[in-house]
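A quick note: this is a predicted structure, and the numbers were derived from the prediction, not measured. Order of listing sets the numbers, starting from 1, for every ligand and every atom in it. Because only heavy atoms are used, hydrogens play no part in the values below, and waters and symmetry mates are left out as well, while side chains stay in.
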Amino acid sequence: MPATPGPFTLLYPEWIPGEHGPTGPIANLVGLKIQAAGNTVPWKRDSDNMFAFHMNVPAGATALDVAFDFISPPESGGFTSGSSTTTELAVLNWNQLLLYPQGSQPDAFQYQATLIVPNSWRFGTALPIQRESGNQIEFQPASLTTMVDSPVSAGAHYRTWALGDDHGTQHYLHVAADSDRALEASPELIGHFKDLVKEAGALFGAHHYRSYHFLYTLSDHVAHFGLEHHESSDDRTGERTLIDPDTLKATGYLLPHEFVHSWNGKYRRPAGLISGGHDGGYDTPMKGDLLWVYEGLTNYLGEVLAPRSGLWSSEDYRESLAETAAELDNKYGRTWRPLEDTAVAAQVLYESGSDYQSLRRSVDYYAEGSLIWLEADVLIRQMSKGSKTLDDFCKLFHGGTSGPPALKPYTFDDVVAALNTVQPYDWAGFLNLRLHSTQAHAPLGGIEHSGWKLTYDGVRSDFWKAREETRKVTDLTYSLGLLIANDDGTVADVRYGGPAQKAGLTPSVKLIAVNTRQYSPTVLREAIAKTATESKPIELLVKNGEFYQTVRVDYKGGERYPHLTRDTTTPDLLTAILAPAAKK
Ligand SMILES: [Zn+2]
């Protein structure tokens, strides 16, 4: 890289866009060697900033040769710092594979990448290609911003589907999987992804990318998450997602969510989430206080686009929303921690465990964002007598003129102003109340005013079963207040204030027996079902560390799972919200 003689500092990207935290995997950067004109240039790591390397560029030198390796991690860590390779596939994020000079403008600094993949592997990316020969790919020069925003997926079992154009721009679904079988998506399913492109186009009215690439990685051995980019998304779920209806149902919101981020998160971004005052200054801490827009609105729109494009049925959407509403409505933590604090503390909450989530709260701005933006959508529809919807806000705030990636920062006041343009109301008051509340119950106005009610009964919906299957858990949160890992009966979480927690059960104990019979999910479910008619406590034998304990849980009421039930006294706006908007 070009350099000038004298003191010089190279940085490894620390604050990774979309991960909302200092997640750059610096511990996996190894073998760093720096040379100028063939001579070694010694480096010294900064003693405060672990991501900074200082050196002196010798007199007369105009460039540095910088070489290092990256240890691709096994199955640990979150987001892109987690496992990203198997013997059959790989996802490459360039931020893990480059250094950049301190003080350079990320948009001005150009990289030219070359990638060599194993023989016969295919690949996909939004990064434009200069030339390909054999298994070597040379990319066009791109700014640091574009490099970090343009991962590559590659693999031995790889298929690309063209999803069609919208306003003249092409969309692609690139799937890398651990087997050929996993690529056998039905034409009907691919049709839903094509409809997703049309529905997002109809929702926003314009787009901000040159072309769009879903990089969908299907493996049971990579970290599972979605990470948004301007012109692509890095989406990772289990190997059989496209051929197993349950896994698809449980993760049907994922691609819509990450696609929405191209508009809400990349094109429009909270000012505090743009590091260094310019996109790509990766050493400056991000401020997460507006994540209830960045992630919360994306969560809402992603969930709405799933039924609009056929990836979910309307019933799937309602069962998902019931689960969201129940989770937030039964969270003791909301009496001490306002929603906004979950956003401010995003960088620590992503890494917090699954234990005591109802007491700690989690990255609740996703789920509660869905409730708040649904309520805003319903209010706009009611106040405008059906002439306006939240789709109009999206066109105004995220649409504009189609073109290549651009970045338009916003503040809280900008959001309020745009809402007021669509439908005058005290939006600042509406939002502030929900962001700063420490009320015990969740804001369910959107559900109730759209003609539905949160109810509970003993029936596990297909959606609930699919979620349990995919997450490999037995979810008894709303009866005993237990979430149990299926592999060995370990309690992953207890609902704070629920019957099990009151009886003294804690996360991480292992269930051994239920009313003296060996534990299995079925044995426990049947014991819970009996409490509807019998009033004997459930006796649980648990292993807590090296010690066995008997715990009696006083609970009546049978199995309990959340649903949305139609309230016929109020018009059904929810079904209208889920109707496709694109012209067929
Ligand atoms: Zn997101």
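- The Zn ion (ligand 1) lies closest to atom OE1 when only the N/O/S atoms of Glu295 are considered.
- Between Asp392 and Lys388, none of the side-chain N atoms (NZ, or NE/NH1/NH2) sits under 4.0 Å from a carboxylate O, so this pair counts as no salt bridge.
- Atom OH of Tyr356 has more than 12 heavy atoms from other residues, nucleotides or ligands within 6.0 Å.
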Quiz prompt | Evaluation steps, ring-ring contact (aromatic ring centres under 6.0 Å, His included), between His261 and Tyr294 | solution = CA-CA 8 Å; His261 269 316; Tyr294 181 120; 5.0 Å; yes
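- In summary, Glu228 places no N/O/S atom under 2.8 Å from the Zn ion (ligand 1), failing the contact criterion.
- Using a 4.0 Å cut-off between charged side-chain N and carboxylate O, Arg334 and Glu368 make a salt bridge.
- With respect to the Zn ion (ligand 1), His261 has NE2 as its nearest N, O or S atom.
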